[in-house]
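Quick notes on the structure that follows.
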Amino acid sequence: MRRRRAGGRTMVERASKFLLVVVGSACFMLILYQYAGPGLSLGAPGGRAPPDDLDLFPTPDPHYEKKYYFPVRELERSLHFDMKGDDVIVFLHIQKTGGTTFGRHLVQNVRLEVPCDCRPGQKKCTCYRPNRRETWLFSRFSTGWSCGLHADWTELTNCVPGVLERRDPAALRTPRKFYYITLLRDPVSRYLSEWRHVQRGATWKTSLHMCDGRTPTPEELPPCYEGTDWSGCTLQEFMDCPYNLANNRQVRMLADLSLVGCYNLSFIPEGKRAQLLLDSAKKNLRGMAFFGLTEFQRKTQYLFERTFNLKFIRPFMQYNSTRAGGVEVGEDTIRRIEELNDLDMQLYDYARDLFQQRYQYKRQLERRQQRLRSREERLLHRAKEAPSRGDAEEPGRVPTEDYMSHIIEKW
């Protein structure tokens, strides 16, 4: 009986000691957190900033090898777009580059103080500034084809100011500032997509191709087909037409055609003409406020948002299955398309490198700024916590005292 009582007392003492150690350890961890905790993220003020929309976008490839040198001023592309002022975004829509989808994003998917008014059954939306009834967007879905069907850089730069002045006349106004934007696409995919589009009966024969104050003559720009359209044409027929504007379309639509005599092919030698067009397209592309690539939808969204300080409501979707993607062609045909679009191939290679470098630059810059903000918030939180910790400390405590024993005794 005595042994049983002694054993019971021993077990109670052991349990009490164990409980005491557990409670003491918990108190120790709480006090330790007062000193080390501000740097941790537990949802309290001063912790790391919550993840933002950076997580929606692809991580830059750290092993990306740059092909071209671009100075920082070509990579920054941060501008103050004043929607309440006189700034206007002008969308240069190149055929079969995903411009229809992007154009709808501009009128239906941008978070605006005064959203665009898009009514069912109407092809155009009304996109007024927040402070007055005047458009801030020049595009197919806002102003229509006011400068002609799929107007190019040469047409838009000469036409847009006059069109807007007639639409929204105002005396003594400050000059409008125009921000040109566009989308580019892999030349082979774009070419195949255009062929399929034409094969189904589509035409752009109502395009003006205005240059130096006039449209091209039939001798300068002969048609590739007879009749109302070119429906049912084979890919071989499409490639065999030497006047097909699908060839190097992206370079032609971005270049200043006045430099080469517009559509007069006898104005300068063919080799010199090609180089002038390519150089002009690269220059105008660099000078644009923004351009995106069809193959990189999320990166395109990211760069547009950071360039214009505008946010899209829904994220862009990457659709890899297109009509061009369903076309099966042989290697010889692909090489032939690349030859016909040699200038576009060079431009796209240049544009893709500039696009990737801009994306990497902006992401790295934002990450750096985010780290600095988080560090400043932690330092500020620690500075606020320091006085309260000093008041809470018990005066007269011996520094060399066994800290754990001191906590247990106080408990």
Side-chain angles (χ1 to χ4, degrees), residues 53 56-58 89-112 115-127 135-147 149-153 156 179-204 207 246 249-250 253-254 285 288-308 310-327 344 348 351-352 355-356 358-359:
D53 60 354
L56 295 175
F57 302 104
I89 294 177
V90 182
F91 180 31
L92 193 164
H93 183 173
I94 301 174
Q95 289 96 316
K96 312 315 295 178
T97 58
T100 299
T101 300
F102 185 77
R104 289 199 177 103
H105 278 306
L106 293 177
V107 297
Q108 297 177 353
N109 192 29
V110 179
R111 197 179 305 279
L112 298 171
C116 295
D117 183 12
C118 300
R119 300 184 180 182
Q122 294 185 356
K123 294 182 178 180
K124 294 187 294 184
C125 303
T126 302
C127 297
T135 188
W136 57 269
L137 175 65
F138 192 98
S139 74
R140 167 188 178 182
F141 292 115
S142 58
T143 56
W145 301 114
S146 301
C147 290
L149 179 62
H150 285 286
D152 55 32
W153 188 92
L156 288 176
Y179 295 100
Y180 286 83
I181 65 174
T182 194
L183 289 184
L184 296 180
R185 185 180 179 184
D186 168 70
V188 175
S189 297
R190 198 214 65 79
Y191 189 85
L192 289 171
S193 182
E194 179 165 343
W195 163 60
R196 290 296 299 271
H197 196 59
V198 170
Q199 189 185 48
R200 294 191 301 272
T203 70
W204 295 288
S207 297
R249 182 180 288 280
Q250 295 179 102
M253 292 190 67
L254 289 176
L285 187 72
M288 284 185 162
F290 159 85
F291 73 88
L293 299 182
T294 310
E295 289 76 19
F296 302 97
Q297 290 293 315
R298 287 291 176 88
K299 292 181 178 181
T300 293
Q301 175 187 347
Y302 174 88
L303 287 177
F304 181 90
E305 291 182 344
R306 270 57 180 183
T307 300
F308 290 100
L310 295 171
K311 292 288 186 180
F312 290 101
I313 300 170
R314 299 175 301 277
F316 286 16
M317 301 299 292
Q318 185 72 54
Y319 296 107
N320 294 321
S321 56
T322 63
R323 291 189 176 95
V327 178
D344 271 13
Y348 187 78
R352 184 173 54 188
F355 179 87
Q356 296 286 17
R358 281 181 178 174
Y359 183 76

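Only a predicted model underlies this, so the values are computations on that prediction, with no experimental measurement involved.
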Ring center gap for F296 and Y359 short of 6.0 angstrom: no
Pairwise side-chain contact, T100 with H93, heavy-atom cut-off 4.5 Å (strictly under): yes
Atom pair CD/OG1 of E295 and T97 - distance to nearest 0.5 Å: 9.5 Å
Any donor-acceptor N/O pair, S207 side chain to L149 backbone, under 3.5 Å: yes
Closest non-hydrogen atom pair, L293 against L183: N-CD2, 4.3 Å
Under 3.5 Å: donor-acceptor pair, side chain of S142, backbone of L137: yes
Where V107 and C127 come nearest, the two heavy atoms and their spacing: CG1-SG, 3.8 Å
Atom of Y180, atom of L156 and distance for their closest heavy-atom approach: OH-O, 3.6 Å
OG1 on T182 to CG on L285, rounded to 0.5 Å: 8.0 Å
4.5 Å side-chain heavy-atom contact, F91 and R140: no
Heavy-atom side-chain proximity of R358 to F290 below 4.5 angstrom: no
Heavy-atom donor-acceptor pair, R196 side chain to L192 backbone, under 3.5 Å: no
Pair M288-L254, side chain to side chain contact (heavy atoms under 4.5 Å, CB included): steps then yes or no: CA-CA 10 Å; M288 284 185 162; L254 289 176; 3.7 Å; yes
Shortest non-hydrogen separation from Q95 to R249 and the atoms involved: NE2-NH1, 3.1 Å
Nearest atoms (heavy-atom pairs only) where G103 meets F141: C-CD1, 3.6 Å
Side-chain heavy-atom pair T294, R190 within 4.5 angstrom cut-off: no
Any donor-acceptor pair under 3.5 Å from R185 side chain to G98 backbone: no
Minimum side-chain heavy-atom gap F308-I181 below 4.5 Å: yes
H150: side-chain hydrogen bond (donor to acceptor under 3.5 Å, both in side chains) partners, not counting sequence neighbours: none
Nearest-0.5 Å distance, CD of residue Q199 to CD of residue E194: 12.5 Å
L92 side chain near M253 side chain, heavy-atom distance below 4.5 Å: yes
Whether F291 and F355 hold their rings parallel, tilted or perpendicular, with breakpoints at 30° and 60°: tilted
pair Y179-T307: side-chain heavy atoms closer than 4.5 Å: no
Mutual orientation of the aromatic rings belonging to F102 and H105 [parallel < 30°, tilted 30-60°, perpendicular > 60°]: perpendicular
Separation between NZ of K299 and CD of Q318, rounded to the nearest 0.5 Å: 10.5 Å
Evaluation steps, disulfide bond (SG atoms under 2.5 Å apart), between C125 and C116: CA-CA 6 Å; C125 303; C116 295; over 6 Å; no
Side-chain donor/acceptor of N109 to backbone N/O of F312, under 3.5 Å: no
Interatomic spacing from CG in L112 to CD1 in I313 - rounded to 0.5 Å: 7.5 Å
Shortest non-hydrogen contact between P58 and R298, atoms and distance: CD-CB, 3.8 Å
Interatomic spacing from CG in L310 to CD1 in I89 - rounded to 0.5 Å: 6.0 Å
Any donor-acceptor N/O pair, D117 side chain to T126 backbone, under 3.5 Å: no
Test side chain to side chain contact (heavy atoms under 4.5 Å, CB included) applied to Q297 and T101, step by step: CA-CA 11 Å; Q297 290 293 315; T101 300; 5.5 Å; no
